[in-house]
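For reference, the structure discussed in these notes is given below.
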Amino acid sequence: MAIIVQKFGGTSVADAEKIKRAANRAIQRAQEGHQVVVVASARGKQTDQLVADALELNPNPSKREMDQLLSTGEQQTVSLMAMAMDAMGHKAVSFTGAQVKMLTDSSHSKARIQSIGADIILNELNDGKIVIIAGFQGVDEKGNITTLGRGGSDTSAVALAAAIGAEECEIYTDVDGIYTTDPRKYKEAVKIDQISYDEMLEMASLGAGVMHGRAIEFGKKYNVTIHVRSSIEETQGTLITHEVPQMEGILVSGATIQKELAKITLTNIANHPGNAAKVFAHLAQAKVSVNDIIQTEVSDQSANLSFTVDKADLADAQKTIKQIKEEVECDEIFVREDIAEVSAVGIGMRTHSGVANRMFSALAEAKINIDSITTSEIRISCLVDKDQGEEALKVVCDAFELDKDPSDRSF
Ligand code: ADP
Ligand code: ASP
Ligand code: MG
């Protein structure tokens, strides 16, 4: 009997009716003969509300206490869901992250999963129960509650699926799949039937909030097929899987915009071996995740070094850089917060040329200036002025015909 993991996001469990609908889906699967694990998020906008409650009392709350607070949202949903299933006549049991030994490191607010107590879950499944687990949370080795970062219930679900050998992980959400770009920002976006882990990983880390990036990493590493689909309609959604040959033919699969980021520039840092390493070692120690890095040599003696970080990490990054300014012999530190990053992603770029040219020309025609460019094998990203960000996204989507099915595109 195959095990299925079903994850329900905040909007899909926002009220009693929605919890019942989600419970019903799980029960249906159980009645088809599957063993079902449900992972649930906090109801509606509850996590945002809890954040606001905290900030009202303390503008700079400790990360440990924030995790302690935010984890309560998910805990409410899972017990309510278990009660709903019970009322519908199906055996169910709910657990917090700590109760299923979802062990993480101690990086509060962005903890990484280290191990999961699969036996606890399997025993309950073998007892005929649907097991409902609070997403987004874990526990460190000292017993402190941790959270995995906003949107982290996706990661809980895929990691659980991997740990218990589930056949598939279904992500039920308020869109019916993954689109070429966020359909709220570009209404002509089209749904993608199938996308590779690598592309989805890039899209997630570049701002496509539909999936938490770490979830895709787990999926790829442990071969879990992820099915992103609607919690309202019964339609087929998008499969996130390993690459298949026909994906190569698609030059650009999707586009993203990331507005919650900042760029830090260190001018004229000493140009000798080990200096850049020093900068990033200090940032790593401060648990700052760095996105893109650009270094250009100014002369034999000096170089300019820029990098981007998520806004959430900006204060820590700035503090760290100020502390080492003398040590790395840097002239000045500039911070830009009025920027947005617009990216095009597609594994077809590996084998086709002309993608960068098409993107830069389209932006130029729209009179959008590019601050800086970074690339990987399967993506091109441009930093632009924040107030032109949404327009730049539209320009890029139009340039790559992301309003059409891949077979109808002209390149
Ligand atoms: P959940 O609460 O179910 O986890 P999220 O709000 O985290 O839902 O993710 C779903 C949202 O992601 C959608 O409502 C949509 O606006 C947004 N989104 C961003 N990029 C995309 C994309 N490429 N395809 C689909 N949805 C996207
Ligand atoms: N409730 C958490 C959040 O709003 C986690 C999640 O929904 O995945 O970010
Ligand atoms: Mg989400």
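Just follow the structure's listing: the first ligand is 1, and inside any ligand the first atom is 1.
- At least one heavy atom of G152 sits less than 4.0 Å from an atom of ligand 2.
- Per-residue contacts place R150 under 4.0 angstrom from the following atoms of ligand 2 (heavy atoms of the residue considered): 3 (C), 4 (O), 9 (O).
- For ligand 1, the atoms closer than 4.0 angstrom to any heavy atom of G10 are 2 (O).
- At most 12 heavy atoms of other shown residues, nucleotides or ligands fall within 6.0 angstrom of atom NZ in K319.
- Taking a cut-off of under 4.0 Å to the non-hydrogen atoms of I178, the atoms of ligand 1 that pass are 24 (N).
- Comparing G209, S230, S153 by heavy-atom distance to atom 7 (O) of ligand 1, the nearest is G209.
- Ligand 1 does not have G207 within reach: every non-hydrogen atom of the residue lies 4.0 Å or more from it.
- If you look at P183 next to ligand 1, the close heavy atoms, those under 4.0 Å, all belong to the side chain.
- Panel note: side chain T146, backbone H108; no donor-acceptor pair is recorded below 3.5 Å.
- Within the 4.0 Å heavy-atom cutoff, Q46 does not count among the residues contacting ligand 2.
- Of all atoms in ligand 1, listed by their number and element, those nearer than 4.0 Å to a heavy atom of T181 are 22 (C), 23 (N).
- Close contacts between ligand 2 and G151 involve ligand atoms 3 (C), 5 (C), 6 (C), 8 (O), 9 (O) [criterion: under 4.0 Å to a heavy atom].
- Taking every non-hydrogen atom of G177 and a distance limit under 4.0 Å, the qualifying atoms of ligand 1 come out as 25 (C).
- Of all the atoms in ligand 1, the ones that sit under 4.0 Å from a non-hydrogen atom of D174 are 10 (C), 11 (C), 13 (C), 14 (O).
- Interface of Y179 with ligand 1, defined as ligand atoms under 4.0 Å from a residue heavy atom, comprises 22 (C), 23 (N), 24 (N), 25 (C).
- With a 4.0 Å cut-off on non-hydrogen atoms, S153 touches ligand 2 through its backbone as well as its side chain.
- The list of ring-ring contact (aromatic ring centres under 6.0 Å, His included) pairs with a residue in residues 8-42, not counting sequence neighbours, reads F8-Y172.
- If you look at T180 next to ligand 1, there are no close heavy atoms at all, none under 4.0 Å.
- Taking 4.0 Å as the cut-off between side-chain N and carboxylate O, R336 and D385 count as a salt-bridged pair.
- Annotation: atom 16 (O) of ligand 1 to nearest protein heavy atom, R184 NE, 2.7 Å.
- Of the candidates I195, T173, D182, T238, it is D182 that places a heavy atom closest to atom 18 (N) of ligand 1.
- By the criterion of a heavy-atom distance under 4.0 Å, the side chain of K7, and not its backbone, is placed next to ligand 1.
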Problem set entry | D316 vs K63, salt bridge (charged side-chain N to carboxylate O under 4.0 Å, His left out): CA-CA, chis, key distance, verdict | CA-CA 13 Å; D316 288 340; K63 289 187 173 169; 3.7 Å; yes
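- Counting heavy atoms closer than 4.0 Å to ligand 2, residue H212 contributes nothing at all.
- Inside a 4.0 Å radius of atom 14 (O) of ligand 1 there is at least one protein heavy atom.
- Here Y186 and Y179 keep their ring centres 6.0 angstrom or further from each other.
- Counting atoms of ligand 2 from 1 in the listed order, those under 4.0 Å from a heavy atom of S41 are 6 (C), 7 (O), 8 (O).
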For this session: In sequence, state the C-alpha distance, the side-chain angles, and the governing distance for Q35 and I4, and then conclude on side-chain contact (heavy atoms from CB on, under 4.5 Å).
Result: CA-CA 6 Å; Q35 292 187 317; I4 300 279; over 6 Å; no
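- Ionic pairing of K386 and D371 is not present here: no N-O contact between side-chain nitrogen and carboxylate oxygen is shorter than 4.0 angstrom.
- In terms of protein heavy atoms, atom 27 (C) of ligand 1 is closest to V210 CB, 3.5 Å.
- In summary, R43 and E74 do not engage in a salt bridge, as defined by a charged side-chain N under 4.0 Å from a carboxylate O.
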